[in-house]
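Numbered from 1 within each chain, the chains take letters A, B, ... in sequence-line order.
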Amino acid sequence: MVQAPERTASAPATTDPDGRDETSMTFVDAIQGTLRDVMRADDRVVILGEDVGRRGGVFRVTADFLEEFGDDRVIDTPLAESGIIGSAIGMALNGLLPIAEIQFLDFIAPAMDQIMNEAARLRYRSNNDFHCPIVIRAPFGGGVHGALYHSQSIEAMFVHTPGLKVVVPATPADARGLLLAALRDEDPVLYLEHKKMYRSIRGPVPAGDEIVPLGVARLVREGTDATIITYGLMVHEATLAATAVSEETGASIEIIDLRSLKPLDERAILDSARKTGKVLVVTEANRPCSVASEVAALVGEEAFAYLDAPVMRVAAPDVPAMPFSPPLEQAFMVGAGQIGTALRRLVAF
Amino acid sequence: MVQAPERTASAPATTDPDGRDETSMTFVDAIQGTLRDVMRADDRVVILGEDVGRRGGVFRVTADFLEEFGDDRVIDTPLAESGIIGSAIGMALNGLLPIAEIQFLDFIAPAMDQIMNEAARLRYRSNNDFHCPIVIRAPFGGGVHGALYHSQSIEAMFVHTPGLKVVVPATPADARGLLLAALRDEDPVLYLEHKKMYRSIRGPVPAGDEIVPLGVARLVREGTDATIITYGLMVHEATLAATAVSEETGASIEIIDLRSLKPLDERAILDSARKTGKVLVVTEANRPCSVASEVAALVGEEAFAYLDAPVMRVAAPDVPAMPFSPPLEQAFMVGAGQIGTALRRLVAF
Amino acid sequence: MATEPIVAPDHAIQRAFQPGAALANGASDPDDLGPVPIADPLTATVAPASIGDAGLPAETLRQMYQALVRARSLDQRIWQMNRIGQAPFVVSGQGHEAAQIGAAFALDRERDVLVPYYRDLALCLAWGLTPADMMLSVLARAADPTSGGRQMPGHYGSSRLRIISGSSVVATQLPIATGVAYAAKLRGTGQVTIVTFGEGASSEGDFHEACNFAGIHRLPMIFFCENNQYAISVPQSLQLAIDHVADRAAGYGFPGVVVDGDDLLAVYHAVAAAVAQARKGDGPTLLEAKVYRYTPHSSDDDDRAYRDQDEVKARRARDPVRLFETRLRDLGLLDDEAIAAIQRDINREIDDATEAAEAAPLPDPATYDRHVYAGG
Amino acid sequence: MATEPIVAPDHAIQRAFQPGAALANGASDPDDLGPVPIADPLTATVAPASIGDAGLPAETLRQMYQALVRARSLDQRIWQMNRIGQAPFVVSGQGHEAAQIGAAFALDRERDVLVPYYRDLALCLAWGLTPADMMLSVLARAADPTSGGRQMPGHYGSSRLRIISGSSVVATQLPIATGVAYAAKLRGTGQVTIVTFGEGASSEGDFHEACNFAGIHRLPMIFFCENNQYAISVPQSLQLAIDHVADRAAGYGFPGVVVDGDDLLAVYHAVAAAVAQARKGDGPTLLEAKVYRYTPHSSDDDDRAYRDQDEVKARRARDPVRLFETRLRDLGLLDDEAIAAIQRDINREIDDATEAAEAAPLPDPATYDRHVYAGG
Ligand SMILES: Cc1ncc(C[n+]2csc(CCOP(=O)(O)OP(=O)(O)O)c2C)c(N)n1
Ligand SMILES: Cc1ncc(C[n+]2csc(CCOP(=O)(O)OP(=O)(O)O)c2C)c(N)n1
Ligand SMILES: [Mg+2]
Ligand SMILES: [Mg+2]
């Protein structure tokens, strides 16, 4: 029998099984600590990718892992993304729990075939005889002078692909909780890390092994007049915008952090839309067929009778991602200013 | 100077320059005839792909081209999609007008990197110094017992990618007109052929060299009570459904065939939505982040005040494309029945 | 579906698999199998001497013959069913059987992992799928064990038999196989992984990336190329600029071996040597069996446009099933009566399989959205 | 931006390029260039005898030296600008210059096509981009001719100079280069296409697919691998299971050649031979220059974690710029005074370029959405 392992056995060893200890740490440290805990707790977990070993990852997420876990479990692969994901799938099929790193989401395209046609479709095509418990980590997003090829936000392509799950933490706590959940999921999960948040975002992180379940959105702040629905770095930009607009207009703004793009928390989205009657969806990605389009379409379809204004979208323009030169980058990148402008229109509607 | 050619020189030789001669022919013959005209008219046009020469394509779209045009211009490539698109890009950069065939849209994933990161972004990244006039043809769509890997409709991924254009003809006349337009466009165009239509759809085709401009939708039938917006094979299914529902309820149904998914004809979409106040968007693809999501979001955003009902979507379920066994395939595939059910709900709203 | 825990909690991971595991299938020490014959497939004559070298018991040779005839007969039946409209789509491995059976018998089918492609009816049959299984798949029945009727026929898979489910996408199985082999090595399971593919697949980037990774980590695996000279219509001369896919191994740091795929025992020898090398920890082999595809690419294809039918005839005249039959006759291991008996049994088995599949229910349409995710 | 019509309306396509075109750059018949030296980069000593074989005029040798120093000096200046916070991101080719200059001079820079990668500052400079162009790009100014400040520095391109614009995606340039070469062959332009890449890039599927296509069609092109032993932090031993990327050519039916990339003239010889072969219609060459990367991978990298700094020191001691300088001194073609004069001119040119770029305006933010499509 060749078979992917069951996830149930793998709870990370932790000094605080109740998860009540919380330490404030950066986003990157939350990810690193969680990866380390899981590597320690379960020898079936392996990490593979370009520069993940000797270099500890180009963002140093796996710094010193090679020393602790050895080069059998921390694999500096050749420069070949399709090979990385393909071998991760094979490892999972034969008893390991691989975490594959794609160095930048921009470079996932060569692996699209393995992700879409193999990982995502394996369970379905085999009528549940096989499954594919892999986690793919990738830094994404802009605003770091990464230019066209180190700034992309192409998560919508994966949200469009049944069989995958896609998560995007916006806080260090969710970084841990979602990663733990992804690592216990029986299906392939794409785990996206906004690279601008690695060292700029800090927050409390529980030490325990409590997961943040996939498919459950987070209420960032409650409000009654309008809702912003977003994810990733845009949660922080939206919060800035909402604070400014609230102060200015007295409007009470609700913010929902999707966290999980697939499965979507449709209930949380619709409940909030029905409550406030005004929805702004924000994504850093290009607009057409984006996650913002999906959420907007969903709200328009299922909460129509409750809407007091059109569902608005703020998204990147339909321009190939992110020019390098700072004035161009700023013009391209979605931020609090642009979100605030849309929000003011929505509130005034 | 290394530079892609200008398109302006290439008008196909035709016996009927006014384009008033119309012959009734199948969808596949319209494509084949157009390709042949263009190959005859302009020696810079080359066709490359798997089995396009000796076999004339697995759907016989390029049957006998090898004999007429020689193996320098009709290139049976190795089995390597990234190589096919990559070389097409290079050919275009050095003076040829390549038409690359991907044997099934399902097999385009290995070329995603070349399409997304190279073809689509070349003009922008070089600040207009280079451009990439290639046409990529690919059969797509289901309902032909093609199972998971010969039925996919993943056009949304390309619609999400700025720098590309995406067209989907639904009639033999549009097959010709859009192909001519694609072949004269200065930018990369993905030209999708619904494989179920090749020999089942027939219609008049003008012989001339008149193009159907990219970005202009087609009004399939006028109506006043509700609008169906769709493309590809679904145009025909929607027509069946509309006819049935009209007869049943007396409702007057407008149908818009998008034809061009990128650029989208936003004006045609919004004009019709504002007129009828009720919109149903239909796609054969998986729903999340689909073209149906985009159109629904757009209508909800820009025609909100005119809507008398929620914008509804009919799409494939979020299941990895198309099982093989007929009962499963039928359950999965979007058709007139399912469209009719949604339309009845919409009309009655 | 439960999986044994594979690494001890005290981190005692086995860094390499156990060497010295015995070869299955009655073969004696694989190191004693003698030299690997390499032959021009169109001119080589099969040297009966190699039989003596094989060190195989008569019983094994007879089993090989039975497996060969079973595969050919089943394949022909499936093809016929398509031609008379009973099966909408089929793909055939006729002409590849000796290569596949030779390979199957050289591996440990109770332990090793098979990552096949759509031509591997004979290989998967020898590996444990039954004609009944195959017929359920051909007729897309609910009980089809490989996909419940969801995939086209020819997409073999079974976790129980360690046959990895494949897609239709050419060459994606190769990096997956390297991952399987990596896990086998890390976990010390002693498994050898064999992955099969056509010469056309060797043009895909995935072939390169898989071989490269396997070479670097000296993975216990075999890249088994069934070179039938065509990828649908594209001849080898437009697929490669070299004579042998096996020559590509030079770029990956492991041996490349060419073998006459019509010669079952030659393939057996070559694969057994590769298995021995892999099991010893000495890394992968790229093994290329020169075969020929007797049928069009699939039931949807017509090969007359692109393939000289004289070429087809010439290759069919060198049928590997007949070649092996003649050998065993010459060795006195088979006679008319034995052959007839074997064929009779096989025909009955295939008849039964067909009837059972025809009687089996189609999938329930309501199940079309099951198993997208766990628990769904 | 207009393009000459490239095929006559009467279908008179030239089926192959014109052979016999003269080599540019003062080289005599490339067939007379003598054997290609292949050397272990760490142990080889450069045999001055090869200079005589080169058949190069003193003036060309001096131009080569000037190009070498110009590239090194500019590269160092750019790196310094990053270190003092004047340039947010830079990537360096220090250590690769002799290989790149040797290659550039062996091609016809007025006609051939260059498909470079991000380490090719020296090559692109020799091909016609100027220090002023480079500085505009480093400072992401509107007038940056390669991208108008849209791409990171190191993403060279110019249609006027036949330098194909590249992305940051490793190895995608390789299939594109084969297409360029295919068009050159079909149109009969006589162009040779050179595409450059690192040894890490040779692991990508795109490398394989490009080489395979080039071999089948015997395209007039050179695959020029600048093997610096690291892909960011990944050492060659984890990138390949073989010693030489060039050995992969065996899988594609054309020659693979290894050359000491610290030896400018050795590279010149090797590339000239490959150019001659390509121009004659005899197809591609995979040429591997053994070089070393003096800096970290980019200004964002710190190589101390993964690279023994003694190794770096040892390789820096064998600096190709100094090696070539010594040669020319030994030949009496350079002395202290000439060297100082060259350096002085170059410094002034770089100072001017820097000042001009600093004074040049940044892109207008309103232009961020221009040029997604034609006319836009
Ligand atoms: C990525 C991909 N591209 C194209 C196809 C269509 N296709 C299916 S089989 C095949 C030919 C395969 O040839 P080869 O690898 O030699 O195997 P053979 O069929 O000859 O055994 C092609 C082009 C596919 N299935 N997947
Ligand atoms: C497809 C892709 N994967 C990963 C990266 C990140 N990356 C940029 S350069 C590089 C290493 C390249 O090494 P090599 O090809 O040897 O060239 P070198 O930088 O050593 O000259 C990597 C991994 C990328 N740009 N593209
Ligand atoms: Mg083949
Ligand atoms: Mg390198």
So, does Asn117(B) use its side chain to make a donor-acceptor pair with the main chain of Asp106(A) at under 3.5 Å?
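Indeed, once roles are kept as given, a pair shorter than 3.5 Å links the two residues.
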
Verify, without hydrogens or angle tests, whether Glu301(B) (side chain) and Pro310(A) (backbone) share a donor-acceptor contact under 3.5 angstrom.
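No, Glu301(B) side chain to Pro310(A) backbone: no donor-acceptor pair under 3.5 Å.
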
Select, from [options], the one with the greatest count of heavy-atom pairs under 4.5 Å involving chain A.
options                                    : value
Ala297(B), Pro320(B), Ser293(B), Ala109(B) : Pro320(B)
Ala111(B), Ser290(B), Gly300(B), Gly163(B) : Ser290(B)
Met116(B), Arg287(B), Met157(B)            : Met157(B)

Structural part of [X] lying under 4.5 Å from a heavy atom of chain A:
X         : answer
Leu298(B) : both
Ala120(B) : backbone
Gln152(B) : side chain
Ser82(B)  : neither
Leu307(B) : both
Val311(B) : backbone

Report the C-alpha separation of Asp113(B) and Met112(A) in whole Å, then their side-chain angles, then the decisive distance to 0.1 Å, and conclude whether the side-chain contact (heavy atoms from CB on, under 4.5 Å) test is met.
CA-CA 8 Å; Asp113(B) 195 22; Met112(A) 207 67 110; over 6 Å; no

For a quick test of reading the model, state the closest non-hydrogen atom pair linking [X] to [Y] and the distance between them.
X         : Y         : value
Tyr124(B) : Pro323(A) : OH-CG, 3.3 Å
His160(B) : Pro288(A) : ND1-O, 2.7 Å
Val159(B) : Cys289(A) : CG1-SG, 3.7 Å

Pick whichever of Pro110(A), Ala296(A), Ala292(A) has the most heavy-atom pairs under 4.5 Å with chain B.
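Of the options given, most contacts go to Pro110(A).
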
Between Tyr149(B) and Arg121(A), does the side chain to side chain donor-acceptor pair (under 3.5 Å) criterion hold? Intermediate values first, please.
CA-CA 10 Å; Tyr149(B) 299 103; Arg121(A) 292 182 158 97; 5.3 Å; no

